[in-house]
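Note that the coordinates shown come from a computational prediction; the quantities given were computed from them, not determined experimentally.
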Amino acid sequence: FIRDLSAFIQQRQQENNKIIIVGDFNETMENTQSGIYQLATSCALTDIFRQGLGTASYPPTVKQGRRRLDFALISPSLVESIVNAGYDAY
């Protein structure tokens, strides 16, 4: 799935499309082997929550844990357009 999604995003990027992808990925960005980390890295996408909060794991989005599994990844050129972003932690 991640390989197909990465290929799709990279194709759109070659067409000069801006990317916004938001979801519950059930993986952390702290694990460099995770699919979501690989997606963000291979497509050069910015995690806007990490950008704003300075951390990849806070606030947690898992009811029984301390991990953040929900992400909003965007094209770097869109970062300056973000005024506010957030979500409710468990």
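- Residue T46 holds its OG1 atom at 12.0 Å from CD1 of I19, rounded to the nearest 0.5 Å.
- Taking the side chain as every heavy atom from C-beta outward, Q38 and S6 never approach each other to under 4.5 Å.
- No donor-acceptor pair under 3.5 Å is formed between the side chain of S34 and the backbone N or O of E27.
- Side-chain atoms of D24 come within 3.5 Å of backbone N or O of N26 as a donor-acceptor pair.
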CA sep, side-chain torsions, deciding dist, call: V79, I74, side-chain contact (heavy atoms from CB on, under 4.5 Å): CA-CA 7 Å; V79 170; I74 66 172; 3.9 Å; yes

Derivation of the side-chain contact (heavy atoms from CB on, under 4.5 Å) call for I2 and D4: CA-CA 5 Å; I2 291 295; D4 291 341; over 6 Å; no

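- Within the model, atoms CD of Q10 and OG of S42 stand 5.0 Å from one another, a figure rounded to the nearest 0.5 Å.
- Taken to the nearest 0.5 Å, the SG atom of C43 stands 4.5 Å off from the CD1 atom of I9.
- Across all non-hydrogen atoms, the minimal contact from A40 to M29 is CB-CE, 3.6 Å.
- The two atoms that bring Y37 and N31 nearest to each other are CB-O, 3.5 Å, heavy atoms only.
- In this structure, S81 OG and I48 CD1 are separated by 11.0 Å, a value rounded to the nearest 0.5 Å.
- Contacts of E15 classified as side-chain hydrogen bond (donor to acceptor under 3.5 Å, both in side chains), with partners at least two apart in sequence or in another chain: R12, N17.
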Worked verdict on L73 versus I36 for side-chain contact (heavy atoms from CB on, under 4.5 Å): CA-CA 10 Å; L73 305 173; I36 189 61; 3.5 Å; yes

side-chain contact (heavy atoms from CB on, under 4.5 Å) evaluation trace for T41 with T32: CA-CA 9 Å; T41 302; T32 60; over 6 Å; no

